[in-house]
Amino acid sequence: MVSKSDKKSQVPENDIYDQVIDLARRRGFVWPSSECYGSVAGFIDYGPLGTLLKRRIENLWRQFYVVSEGYYEIECPTIGQEAIYVASGHVGGFADKMCQCPACEEYLRADHVAEAHHVPDASVMNAAALQKAITGLPCPACGEKLENIEVFAFNLMFQTSIGPGSQRKGYLRPETAQGIFVDFGRLLRFYRDRLPFGTVQIGKSYRNEISPRQGMIRLREFTQAEAEIFVHPEEKNHPNFSRYADYSFPLFSSDQQQAGGEAKVYTMKDAVAQKVIANEYVAYYLALTHDLLTSIGVKPEKLRFRQHLPDERAHYAEDCWDAEIRSERFGWVETVGIADRTDYDLKAHAEGSGDSFTVYVQFAEPKRERRRVISANMGVLGPQYRGKAKAIADALATVAPGPDGATVTVDGEEYFVPSHLFEITEQDVDVRGTDVRPHVIEPSYGIDRMIYAVLEHSFDEEEVEGEIRKVMRFPSRIAPVQVAVLPLMTRDGLDTIAREITHTLHAHEILAEYDDSGAIGRRYRRQDEVGTPLAITIDYDTKEDQTVTLRDRDSMKQVRVKIGDLPLLISGLIKGQHNFADLCG
RNA sequence: GCAUCGAUAGUGUAGUGGUCAUCACUAGGCGUUGCCAACGCCUAAACCCGGGUUCGAGUCCCGGUCGAUGCACCA
């Protein structure tokens with residue numbers, strides 16, 4: 001989504017969108033889905049290199065969240081039964097009430113039309129009421145009076161039916177989060193009944209967008225990577241905060257936005273202390289997100305964090321930030337949302353399902369509490385009230401008795417129970433803990449948008465000896481092909497040695513691509529264009545001394561290394577444990 | 001969805017209603033080639049879809065799809 005502040009941005013001169021998309025299509029990163037039947041807006045295919053790139057980015061995400069944070073991943077169905085999305089509010093709230101102007105055929109948001117004419121509470125009206133309210137109002141598009149119009153709900157969820165006879169409604173999930181929320185009870189037990197804990201999910205989500213545009217930016221089927229971190233509502237200091245306390249980057253706070261200011265650089269420590277960010281948890285994941293995004297190749301100067309304005313923030317959210325990535329074509333694009341969602345989701349599912357969705361938290365010290373216990377004399381109550389006796393006794397426990405007795409209401413009838421039929425005692429009990437409904441910190445990543453950003457930010461052109469060299473400067477750990485193996489000649493056994501090296505690298509889980517077609521320079525250029533960080537070239541010296549040249553994509557420099565050192569050397573370079581410049585020594 | 005513009009090999013393109021459509025790059029094959037898009041020969045490859053007008057449509061008209069832009073939409 002393009003942020004409000006940049007809505008009117010014009011297409012700038014250094015817009016490389018067309019070139020990036022052209023390269024992505026040509027070289028097998030991304031293309032429109034089902035082109036042979038005419039593609040459908042909002043659906044894309046990841047080609048061979050795009051899929052590799054995507055997996056590598058997802059795996060780096062896992063390295064941050066699953067391996068380092070210890071938030072294990074789960075996988076839930078993409079189709080969910082109706083009850084889930086009724087409780088989550090998506091069935092009711094994820095729909096827009098729309099109508100179509102009979103005169104100009106424009107689709108309109110019915111509540112917006114009503115609000116524009118100061119109809120009170122338009123946003124909470126049902127379809128019938130809205131229909132009444134806007135009949136006779138002028139169409140905002142053509143000015144004709146709206147007559148005989150029908151207000152209908154356009155739900156952004158794809159609907160389907162489960163089983164034969166379409167008895168059960170199902171929805172394609174509009175976000176992965178709900179799968180984690182509804183599993184809360186199981187997850188809590190998995191994490192042995194203690195807060196905080198987190199769970200993540202990477203997978204497809206679906207939204208039937210009215211009019212998707214902007215290539216891979218707004219899709220009808222997209223990949224999300226979401227983390228749901230369950231924390232004690234009063235303990236929002238992150239246990240590991242020191243890791244990012246001094247980490248700094250630009251924050252565009254809601255105050256700054258409203259004052260017409262710019263994003264300002266803060267350390268996380270200061271941002272929390274000055275209450276720019278609500279708490280350490282949110283700050284920690286802002287920083288982690290900055291760390292993660294720059295690791296996959298988002299340029300730091302094209303990354304900022306924008307706080308939601310009070311009116312765009314969901315009513316339940318305590319704080320909400322978007323990581324926005326600068327695209328020359330689209331402006332600042334929302335790519336990651338990080339929110340403190342409080343207990344909204346768990347409460348909704350507790351109400352919807354009847355389960356508690358709480359954690360029993362023990363106090364450090366048991367608290368002594370004075371408790372009033374009312375015990376009824378069932379020997380008398382039983383014969384007197386028969387079937388109602390139990391209900392009356394239970395009801396007694398909840399009322400404040402008068403001096404003569406207590407009046408209770410059971411099944412709509414009042415009963416007076418005289419005081420000699422029950423006994424009130426006061427007891428001191430040890431209360432060892434309490435049921436707590438956790439708050440949820442949710443970092444939610446749009447993987448497809450991250451991939452687009454990486455493509456755009458990695459794309460580079462430079463002039464080399466009068467020719468334009470196109471090069472994707474992917475960080476080596478996310479590059480689809482990790483190393484190219486190129487025999488200088490296809491004869492005298494050079495190709496055989498090259499194939500052996502390729503196989504050895506494969507055995508070390510390195511994705512090496514063998515290529516012997518065409519001149520060596522052409523092969524380097526081909527690999528540059530798909531961002532392969534390293535190339536090994538086998539020449540006649542190889543046969544003499546078992547060495548090859550290793551070429552660096554970015555500097556085009558070469559260094560001679562022993563064949564036997566290749567697997568370790570290359571894995572080290574790919575993981576960033578050492579860099580190419582050091583080899584040149 | 002509305003409006004404007006566009007759509008020809010993988011890419012970029014040429015193409016007065018009149019021969020199974022131009023050129024370049026790319027790709028594949030063979031040869032040559034001692035490290036940054038070398039060269040020679042050969043090969044493959046396209047008029048977005050559906051109607052209409054016409055003897056004849058890549059070309060004109062209508063509708064659709066997709067894309068770009070503006071508006072609207074974007075829990």
Side-chain angles (χ1 to χ4, degrees), chain A residues 1-4 7-11 15 17-19 21-23 25-28 31-43 47 85 88-101 103-109 112-113 123 139-142 153-157 174-175 177 205 207-215 217-220 312-315 329 334 337 464-471 486-492 494 517-529 535-542 548-553 555-558 560:
Chain A
M1 236 168 278
V2 177
S3 76
K4 290 183 178 174
K7 225 170 187 175
K8 290 200 172 144
S9 63
Q10 298 294 313
V11 174
D15 178 13
Y17 175 80
D18 291 332
Q19 291 189 74
I21 290 300
D22 171 49
L23 187 149
R25 263 204 309 254
R26 233 168 356 92
R27 301 308 306 268
W31 54 62
S33 201
S34 64
E35 283 178 293
C36 67
Y37 289 108
S39 38
V40 182
F43 296 98
Y85 295 105
S88 71
H90 285 92
V91 168
F94 204 55
D96 292 332
K97 290 177 191 77
M98 303 196 65
C99 61
Q100 191 178 21
C101 170
C104 67
E105 303 194 325
E106 178 82 347
Y107 281 94
L108 307 161
R109 278 278 295 268
H112 288 187
V113 175
S123 60
C139 167
C142 67
F154 180 79
N155 195 293
L156 264 11
M157 284 193 295
E175 58 180 22
S205 293
R207 295 178 192 180
N208 199 1
E209 298 282 355
I210 296 167
S211 134
R213 284 264 193 100
Q214 306 172 323
I217 302 293
R218 238 170 99 200
L219 296 169
R220 288 185 164 127
E312 70 182 306
R313 191 165 68 208
H315 61 90
R329 169 67 64 101
E334 276 179 41
V464 177
E465 294 171 18
E467 298 269 2
I468 298 288
R469 179 171 90 115
K470 279 187 187 172
V471 46
L486 317 170
L488 196 58
M489 297 292 141
T490 52
R491 54 164 196 244
D492 302 324
L494 297 188
S517 130
I520 189 74
R522 173 180 301 270
R523 284 180 267 162
Y524 286 143
R525 290 293 186 275
R526 264 204 288 256
Q527 296 294 341
D528 289 342
E529 206 184 24
I536 294 165
T537 307
I538 291 83
D539 58 23
Y540 285 97
D541 291 345
T542 307
V548 294
T549 61
L550 187 64
R551 174 214 189 236
D552 174 53
R553 172 196 70 202
S555 62
M556 295 176 28
K557 284 197 177 128
Q558 291 182 306
R560 257 203 118 74

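Chain A is the first sequence line, chain B the second, and so forth, proteins listed ahead of strands; every chain is numbered from 1. Computation of the quantities below employed the complete heavy-atom set of this structure, encompassing side-chain atoms and omitting hydrogens, waters and symmetry-equivalent molecules.
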Taking the same atom, [atom1], in [N] and in [M], what whole-Å distance lies between them?
| N | M | atom1 | result |
| --- | --- | --- | --- |
| B/G40 | B/U33 | C1' | 12 Å |
| B/C25 | B/U13 | C1' | 11 Å |
| B/A38 | B/G1 | P | 47 Å |
| B/U11 | B/G18 | P | 27 Å |
| B/A27 | B/G63 | P | 42 Å |
| B/C61 | B/U4 | P | 14 Å |
| B/U54 | B/U59 | C1' | 13 Å |
| B/G15 | B/C2 | P | 32 Å |

Between [atom1] on residue [X] and [atom2] on residue [Y], distance to nearest 0.5 Å:
| X | Y | atom1 | atom2 | value |
| --- | --- | --- | --- | --- |
| A/T537 | A/R551 | OG1 | CZ | 8.0 Å |
| A/Y540 | A/L494 | OH | CG | 5.0 Å |
| A/Q214 | A/L219 | CD | CG | 10.5 Å |
| A/D539 | A/D492 | CG | CG | 12.0 Å |

How is [X] classified with respect to the nucleic acid when contacts are heavy atoms under 4.0 Å: base, sugar-phosphate, or nothing?
| X | answer |
| --- | --- |
| A/D18 | nothing |
| A/G89 | nothing |
| A/Y17 | sugar-phosphate |

Q) Which heavy atom of A/R526 sits nearest a heavy atom of A/R27, and at what distance? A) O-NH1, 3.6 Å
Q.
If I compare all heavy atoms of A/R220 with all of A/F43, which pair ends up nearest, and what's the gap?
A. CB-CZ, 3.7 Å
Are [X] and [Y] packed together at the side-chain level, in the sense that at least one heavy-atom pair is separated by less than 4.5 angstrom?
| X | Y | result |
| --- | --- | --- |
| A/I520 | A/L486 | yes |
| A/E529 | A/R469 | no |
| A/S88 | A/E175 | no |
| A/V464 | A/M556 | yes |
| A/L156 | A/H90 | no |
| A/L550 | A/Q558 | no |

To the nearest Å, give me how far apart [atom1] ([X]) and [atom2] ([N]) are.
| X | N | atom1 | atom2 | value |
| --- | --- | --- | --- | --- |
| A/Q214 | B/C71 | CD | C1' | 14 Å |
| A/R25 | B/A7 | CZ | C1' | 11 Å |
| A/R329 | B/G70 | CZ | C1' | 14 Å |
| A/Q19 | B/C25 | CD | P | 20 Å |
| A/L219 | B/C66 | CG | P | 14 Å |
| A/E35 | B/G67 | CD | P | 10 Å |
| A/R218 | B/C73 | CZ | C1' | 6 Å |
| A/D22 | B/U26 | CG | P | 15 Å |

Could you write out each protein N or O paired with an N or O of nucleotides 33-38 of chain B at a distance under 3.5 Å?
| unit_1 | atom_1 | unit_2 | atom_2 | d |
| --- | --- | --- | --- | --- |
| B/U33 | OP2 | A/R491 | NH1 | 3.3 |
| B/C35 | O2 | A/Y524 | OH | 2.6 |
| B/C35 | O2 | A/Q558 | OE1 | 3.2 |
| B/C35 | O2 | A/Q558 | NE2 | 2.5 |
| B/C35 | N3 | A/T549 | OG1 | 3.1 |
| B/C35 | N3 | A/Q558 | NE2 | 3.3 |
| B/C35 | N4 | A/D539 | OD2 | 2.8 |
| B/C35 | N4 | A/T549 | OG1 | 3.0 |
| B/C36 | O2' | A/R525 | NH2 | 3.1 |
| B/C36 | O2 | A/R525 | NH1 | 2.7 |
| B/C36 | O2 | A/R551 | NH2 | 3.1 |
| B/C36 | N3 | A/R551 | NE | 2.8 |
| B/C36 | N3 | A/R551 | NH2 | 3.3 |
| B/C36 | N4 | A/R551 | NE | 3.2 |
| B/C36 | N4 | A/M556 | O | 2.8 |
| B/A38 | OP1 | A/R522 | NH2 | 3.1 |

Q: Between A/R220 and A/E175, just flag the one whose closest nucleotide in RNA chain B comes earlier from the 5' side.
A: A/R220
Q: Check whether any side-chain N or O of A/S517 sits under 4.0 Å from OP1 or OP2 of B/G28, and answer yes or no.
A: yes
Using Watson-Crick or G-U wobble geometry with both distances under 3.5 Å, which nucleotide pairs with [N]?
| N | result |
| --- | --- |
| B/C41 | B/G29 |
| B/U19 | none |
| B/U13 | none |
| B/A46 | none |
| B/U69 | B/A3 |
| B/G56 | none |

Taking only N/O atoms, report every protein-nucleotides 61-63 of chain B pair under 3.5 Å with atom names and distance.
none

Q) Of the nucleotides B/G67, B/U11, B/C73, which one has an atom closest to the side chain of A/A41? A) B/G67
